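Note sheet for the following structure.
Note that this is a predicted model, so its numbers are computed, not measured.
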Amino acid sequence: MQNPFGNGNNDNNDNNDNDPRNLIPIPPNFATVVNKETGQIRIAKVGLSFTALFFQILVPVFRSDWYNFFCMLGVEVIVGMGLSMYLVQPLSITFYTGEYFLGVIWMLIYNMMYFKHLFKLGYAPADQRSKELLISARYLKDKSDNQN
């Protein structure tokens with residue numbers, strides 16, 4: 001299949017069918033990570049998460065990322081309760097007010113939270129391009145820098 005994104009991972013004459021890059025064309029700002037033990041592959045965007053801005057705590061549900069779902073839900077409830085006590089308004093009003101402001105925070109950090117949790121679960125970059133992308137976005141530490 002010809003890659004419409006032009007990021008150098010066309011499968012012209014490659015016979016390596018197990019390479020995750022040959023499964024589907026991946027946009028340049030997406031990284032592929034693979035769990036060596038289970039063989040599971042995850043593909044996600046690196047950078048701002050506009051889906052987290054619009055759908056907020058539903059994004060982890062779409063990705064089956066239950067750890068970050070409960071973390072985000074906890075933060076939203078705590079912020080809503082804090083606003084409720086500060087503004088002396090019902091929680092039903094302040095929860096949604098706080099959720100709008102937290103949507104901007106989730107947009108900025110959700111993809112980083114997702115990848116860092118995947119790394120703790122044993123995932124690693126599937127190819128060199130994904131590794132370089134994750135290192136340049138500071139989602140992954142470069143091992144060569146720690147050796148100095």
**OP:** Evaluate the side-chain contact (heavy atoms from CB on, under 4.5 Å) criterion for residues Met113 and Met72: first the C-alpha distance (whole Å), next the side-chain angles of each, then the deciding distance (0.1 Å), finally the verdict.
**Re:** CA-CA 10 Å; Met113 289 171 40; Met72 291 168 69; 4.0 Å; yes

Side-chain donor-acceptor pairs under 3.5 Å in residues 74-93, sequence neighbours left out?
unit_1	atom_1	unit_2	atom_2	d
Glu76	OE2	Trp106	NE1	2.8
Ser84	OG	Gln89	O	2.6

Quick one: does [X]'s side chain get under 4.5 Å of [Y]'s, heavy atoms only?
X	Y	result
Phe119	Leu134	yes
Ile41	Thr32	yes
Trp66	Val61	yes
Phe50	Leu48	yes
Tyr110	Pro60	yes

Original post:
Judged by atom type as modelled, is there a donor-acceptor pair below 3.5 Å linking the side chain of Ser136 to the main-chain atoms of Leu133?
Top reply: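 Checking the backbone N and O of Leu133 against the side chain of Ser136, a donor-acceptor pair under 3.5 Å is found.
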
Original post:
Is there a donor-acceptor contact under 3.5 Å from the side chain of Arg129 to the main chain of Pro28?
Top reply: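 Side chain of Arg129 to backbone of Pro28: a pair is present.
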
Original post:
From Asp142 CG over to Leu140 CG, what is the distance, rounded to the nearest 0.5 angstrom?
Top reply: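 Separation between the atoms: 8.0 Å.
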
Subject >> Spacing of OG belonging to Ser49 relative to CD belonging to Gln56, to within rounding of 0.5 Å >> reply: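 Reported value, rounded in 0.5 Å steps: 10.5 Å.
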
Original post:
Which is it for Asn111 and Val46 under the side-chain contact (heavy atoms from CB on, under 4.5 Å) test, yes or no, and what are the steps along the way?
Top reply: CA-CA 6 Å; Asn111 285 335; Val46 174; over 6 Å; no

Treating Ile, Leu, Val, Met, Phe, Trp and Tyr as nodes and any side-chain heavy-atom pair under 4.5 angstrom as an edge, say whether [X] and [Y] lie in one connected cluster.
X	Y	answer
Val104	Ile57	yes
Met107	Phe101	no
Phe62	Leu121	yes

**OP:** Quick one: list whatever passes ring pair (Phe, Tyr, Trp, His ring centres under 6.0 Å) with Phe115, sequence neighbours left out.
**Re:**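 Expected list: Tyr139.
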
Original post:
Taking only residues two or more places apart in sequence, or in another chain, which ones meet Tyr67 in a ring pair (Phe, Tyr, Trp, His ring centres under 6.0 Å)?
Top reply: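 Testing Tyr67 for ring pair (Phe, Tyr, Trp, His ring centres under 6.0 Å), a comparison that skips the adjacent residues, returns His117.
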
**OP:** Test side chain to side chain donor-acceptor pair (under 3.5 Å) on Tyr123 and Gln40 and set out the steps.
**Re:** CA-CA 9 Å; Tyr123 283 81; Gln40 288 184 335; 2.7 Å; yes

Tell me which one of [options] satisfies side-chain contact (heavy atoms from CB on, under 4.5 Å) with [X].
X	options	answer
Ile135	Arg138, Lys131, Glu132	Lys131
Ile43	Val34, Ile26, Val33	Ile26
Tyr114	Ile109, Asp65, Val59	Asp65

Original post:
Above 12 or not: heavy atoms from other molecules or residues under 6.0 Å from CZ of Phe30?
Top reply: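 Yes, because the 6.0 Å sphere around CZ of Phe30 holds more than 12 heavy atoms from other groups.
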
